Undergrad: 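Next up is a structure, given as C-alpha cells.
We name chains A, B, ... by the order of the sequence lines, and we start the count at 1 in each one. Note that the structure is a prediction, hence the values are computed from the model and not measured. Only heavy atoms go into these numbers, but all of them, side chains included; no hydrogens, no water, no symmetry mates.
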Amino acid sequence: MIAIIGAGPAGLAAARAIALAGISVTVIDAAQKPGGQYWRHRSTVDGYKATRSEKYFSTVMGNPLVTYINGAQVWSATRSEKSIHINYLQSGVEKILACTDLILTTGAYDRSLPFTGWDKPGSMTPGAAQALLKGHGVIAGKSIVISGTGPFLLPVAVGLAAGGAKVEGVFEANSPLRWLRSPLALLLNPEKALELLYYLKQFRRYSIPVRFGKAVTEFTGHSVRISDVNSDLTIKKANVQEIECNGIAAGWGFVPDITLGGILGCNQVVDKDGTVIFSTDHQQRSSVSNIWIAGEATGIGGSDLALAEGHIAGLSVIGKRIPISLLFSRFRKELFARALQVSYPVNPGWKKWLNRETLICRCEEVTCGQILDSVEELKAEDARTSKLFTRAGMGLCQGRICSRNVAEVIGASKEVSVTDSERIAYSNRPIAAPISLGTLGDGISSK
Amino acid sequence: MQKNNPDAIVIGAGIVGACSALSLTNAGLKVMIIDRGSVASGTTGAGEGNILVSDKDPGPELTLALKSRDLWFELQEDVGDSFELEAKGGVVVARHDSSALMKLAEHQRAAGVTAERVNSAELHKLEPYLHPDLSEGVFYPQDAQCQPMLAAARIIQTVLARGGQLVSQARVTGFEISENSIKGVVTSRGTFHAPLVVNASGTWAGEIAALAGSQLPIAPRKGFILVTEPAPQYIFHKVYDSDYVANVASSDADLQTSTVVEGTRSGTILIGASRERIGFDGSMNYEIVRKLAAQATSLFPVLRDVQLLRVYRGFRPYAPDHLPVIGEDSLISGLWHSAGHEGAGIGLAPGSAALITDAILGRVSFMDAQAFSPQRFAGAL
Ligand SMILES: Cc1cc2nc3c(=O)[nH]c(=O)nc-3n(C[C@H](O)[C@H](O)[C@H](O)COP(=O)(O)OP(=O)(O)OC[C@H]3O[C@@H](n4cnc5c(N)ncnc54)[C@H](O)[C@@H]3O)c2cc1C
Ligand SMILES: Cc1cc2nc3c(=O)[nH]c(=O)nc-3n(C[C@H](O)[C@H](O)[C@H](O)COP(=O)(O)OP(=O)(O)OC[C@H]3O[C@@H](n4cnc5c(N)ncnc54)[C@H](O)[C@@H]3O)c2cc1C
C-alpha cells in the first residue's frame, strides 16, 4: 500500500506516475481541494501556465486507482518494521491509515520577518492574502502593498489585482542584477524568460509599480512606510515613502514543512539559506527505508522542481526506472532553485530594523526587547532557552513563524551564527497539528 | 579565563546547581558554575515546576521537602525577583479505594504536613470541573509551584551579581586530582582550578563521577508532559489521582502513567507525567501521550475539547533507592555530589543546597543527611 501525504504539485506528480503504471495509491491532504500552496489558489493567482495543473488534476481526481482523502490533517505518524501508520483528523474524528510505502510532499509555508506593525490586522503573508481572496473575497476593493523578496511576489500581486484589489506596489528588497550571478541556470531554463515577460505584461495591465532595493519597514494599520535597503538588508535610507493602504502582504521566501518527516525520523540537513530540509538520494529516498520525500520539503525550488521530484519519487516507489531526461529536468530546475537562493537572499540586516518594542512572537506577544533581556540578564544562549524564559514560540503556531527569527536575533546579539543543530531543533515538533484531548484519549480504546 | 580562582566550582546550571551556587555564595564563597550548555539546558528545562509535599511518604525525603518548600519562599525574597512561585495547593483525588490515600495522609500529618481530608462537596468546591463521580480526596495547601527555568536563571543571575561566574558551553571532560583530592575541572573551554567541586549534573552525575574515577548509580527515568492550548480556568490547584503516589515510589521499569493536571498563568494546561526507565531514548511514544490524555479527561471531562499543542520530554535523574545523593564522594575528597533528585529536583533544590553547604562548611544542618550520603552505594556497585 502506497500513501502520499500532500496533494501539492509534488504529491500530485507522484500520484500520477503511480496511477499511470496501474498501481493504486492513497493521497491525503489537509485542504479540501487538491493543488497545494499555489495550485489550490490558481484561480486567484493568475499564474503563468497555471492551467498546467489540469493535467495532474484530471489523472488523479476521479481515477479509481487513486483514493483521495481530503480535509485530513495528519497529526502524527509512527512506523514499525512492516508498516507506517498515519494518524489523521477528519472533521474532528481521528482515523488511521496504514501503508507500507510513504511519499511525503508536505511543502512549505511563507517565511515572515518581524517589523513594526506586522502584528496589526491587515498585515499578512502572500499565501494568506491568496487564501483570503479565495475564501471570502474580502480583499476585493482593498488597497494592498506587497513587500519581501522572491519571484513568488509576482503571481501574488497579479492574482490580487485580478481579484479586484488595488495593488499599490511590489517592493522587492533584492536587486534584479543578482540574477547575473547565475548565468548557467538562466541558460538552462530559457522558458523562465517567457514567464517573466508574462508577468511584466500583467503588471502593465493592472498598473502595478515594481520597485527594487526597498522594503516595507513599518505598517501603521492604514499605511506602510517604505525604506531603501542595502543588499545586506540594512536600511540605507529610512521611511523614504509612505503609502496609504488597507493591507500589507510581506513574504521572505519559504520555510519547508518538515514536521511529519521529522516525527518519522528522516534525516535533515541545513540548506545554504538556513532552512532545514530533508536529505534525499537521487531517487528522492529519505534516510528511512520506505519513505520518499519530494517537493519543497527537500529544498525550496518552486512548483516545476516539485513536479519533477514528485514524478521521480512516484517512479522510484513502484520500482520503475527513472528516465535520464527526467533526471536532467530535475537537475536543470535544481540549478534554477540555487539561482533563486542566490538572487533572493534574506540577508541578516533585517534585524537592524527592529526596536525593543517590535513583537517577534505574535502568539505570545513577546517583544524583541524581552528576547534581548533574556540573553543579557537570564543568560539564554539559544532559541530554546529564550523560549523557556520568554514564551516566544510557545503559542498556537508553536514557533513555526517566529522560532527562526528568535534564534537569529539571539545569534546576532551574541555575534555568533546559529548552529545547524539548533536550526534542526527549532524546526521539529512532535505534534503536526492540534488534536483535542478527548479524541486523543479515545484513540486508545479504538486500537 | 579569569585571574582569581574560585573557591568552589559547581558543575551544572540546572536548578540544583543554581541553588547550590547561591547558598555557597551566600556563605561567602566565590563560586563558578560550569555547564556544557546554557542555563536550564538539562532536565530543569524539560520538566514541570511542582513543589510537592503531598506525594511523599514520611521519611528523610519528606523532611527535606518540607524544609525545601519553605526555603523556596525565602529564596524568592533573597533573589528579589519573580519566578512565578505560588502556593497553589494540591488536591489528591481518590480514584478507587480511598483507604490507602487516607492512611498516607494520616502518616503525613504526623510528620508535619497539612493534609485535609475533603468530602465530595468540598472536593467539588475546590475543583468545580472535576468529574462528578469523584467523591473523596485530600487537600494539601502547602503544595506549591514555580517556573523552574526562570527560577534557575534568576538564581544564577543573583550569583553573578554577587561575584560568581558562569562558564557556559563548557563540557566537563575530566578532573585534576592529586592524592585523591580534587584540584580542578577540565573542560572543553579550559581547565579551572578550585579545591571544592559540587557535581550537580543531574541525570549525568554518574558520568561526571566516573570522570573523577569514582562511581554514582544515577540513571534516567523518562517522562512526557502534554501542553494544551490556552483554555479558560478549569483547574485551580495541582490535581492528581492517588495512583500517582504509588507510581512515584515504584521502581518498576515498565511504563507508568498517572496524571498531574494543572493550569498555568498563561492559560495552558500541563498534563504530566509518565515514568519509564528506558535509558536516554528520546523517541516519541504516542501511546503514552494518549494514556495521559485519557487520564486527564477522566479527571476533568471539560478538557475533552481542549486541544493538545505540544509534547515534551525529559529524563529524571534517579538513584536505585529513589533518594537524592547529597554529600561528599566516597573516594575523592573535595568532590561533592548533589544529584539524583528524580521527579522532585525542583521541589528539593533549596533544601539540598542548604544541606550541602552546611556539610561543606561543617555546620550543623536542619536534618541528618545520612540517608542521602553517596557512601550508601560504596561497594554496592
Ligand atoms: C503565494 C505563493 C505564490 C507562488 N507562486 C509560484 C509561482 O508562480 N510559480 C511557482 O513555480 N511556484 C510558486 N509558488 C511555490 C509553490 O507553491 C510551491 O513550489 C509548490 O506548491 C510546492 O509544491 P509541494 O508539492 O512541494 O508543496 P505544497 O504545494 O505546499 O503542498 C503541500 C501539501 O501538503 C499538505 N500537508 C502538509 N502537511 C500536512 C499534514 N500534516 N497533514 C495533511 N496535509 C499536509 C498541505 O495541505 C499542502 O496541500 C508559490 C507559493 C506561494 C505560497
Ligand atoms: C517530565 C518531568 C517532569 C518533572 N516534574 C517535576 C516537578 O513537577 N517537580 C519537581 O520538583 N521536579 C520535577 N521533575 C524533576 C526535575 O526536573 C529534576 O529533578 C531537576 O530538574 C534536576 O535538576 P538538576 O539541576 O539536578 O539537573 P539538570 O537540570 O539536568 O542540570 C544538570 C546540568 O548539568 C549539565 N551537564 C551534564 N553533563 C555535563 C558535563 N559533562 N559538563 C558540563 N555540564 C554538564 C547539563 O547540561 C545540565 O544543565 C520532572 C522531570 C521530568 C523529566
Undergrad: Is chain A contacted by the side chain of B/R313, its backbone, both, or neither, given a heavy-atom distance below 4.5 Å?
TA: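 For B/R313, there is no contact with chain A at all, as no heavy atom is under 4.5 Å.
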
Undergrad: Strictly below 4.0 Å, N to O, side chains only: are B/R304 and A/D442 in salt-bridge contact?
TA: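 A salt bridge links B/R304 with A/D442.
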
Undergrad: Quick one: CD on A/E381 to CD on B/Q169, what's the gap to the nearest 0.5 Å?
TA: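 Reported to 0.5 Å precision, the distance equals 4.5 Å.
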
Undergrad: Which bit of B/V227 comes within less than 4.5 Å of chain A, counting heavy atoms only: side chain, backbone, both or neither?
TA: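 Contact with chain A involves no heavy atom of B/V227 at all.
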
Undergrad: Any chance you could measure B/I156, atom CD1, to A/K379, atom NZ, to the nearest 0.5 Å?
TA: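 Separation between the atoms: 10.5 Å.
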
Undergrad: Heavy atoms, side chains only, cut-off 4.5 Å: are A/I431 and B/R310 in contact?
TA: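 No, their side chains stay 4.5 Å or more apart.
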
Undergrad: Which residue is it: B/D305, B/L292, B/V302, B/T228? I am looking for the one with a side-chain contact (heavy atoms from CB on, under 4.5 Å) to A/L437.
TA: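 Checked B/D305, B/L292, B/V302, B/T228 against A/L437; only one passes side-chain contact (heavy atoms from CB on, under 4.5 Å): B/T228.
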
Undergrad: Between atom OG of A/S76 and atom CZ of B/R290, what is the distance when rounded to the nearest 0.5 Å?
TA: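 Here the rounded value is 6.5 Å.
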
Undergrad: Quick one: do the A/E364 and B/S266 side chains pair a donor with an acceptor below 3.5 Å?
TA: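 Result is no, nothing qualifies.
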
Undergrad: Under a 4.5 Å heavy-atom cutoff, which of A/D382, A/T385, A/I263, A/L388 has the most pairs with chain B?
TA: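 Between A/D382, A/T385, A/I263, A/L388, the count favours A/L388.
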
Undergrad: Let's go through B/V39 and A/F389 carefully: what are the C-alpha distance in whole Å and the side-chain angles of both, what is the deciding distance for side chain to side chain contact (heavy atoms under 4.5 Å, CB included) to 0.1 Å, and is it a yes or a no?
TA: CA-CA 10 Å; B/V39 172; A/F389 297 152; 4.1 Å; yes

Undergrad: Let me know if A/A432 has heavy atoms under 4.5 Å from chain B in its side chain, its backbone, both or neither.
TA: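 A/A432 has no heavy atom closer than 4.5 Å to chain B.
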
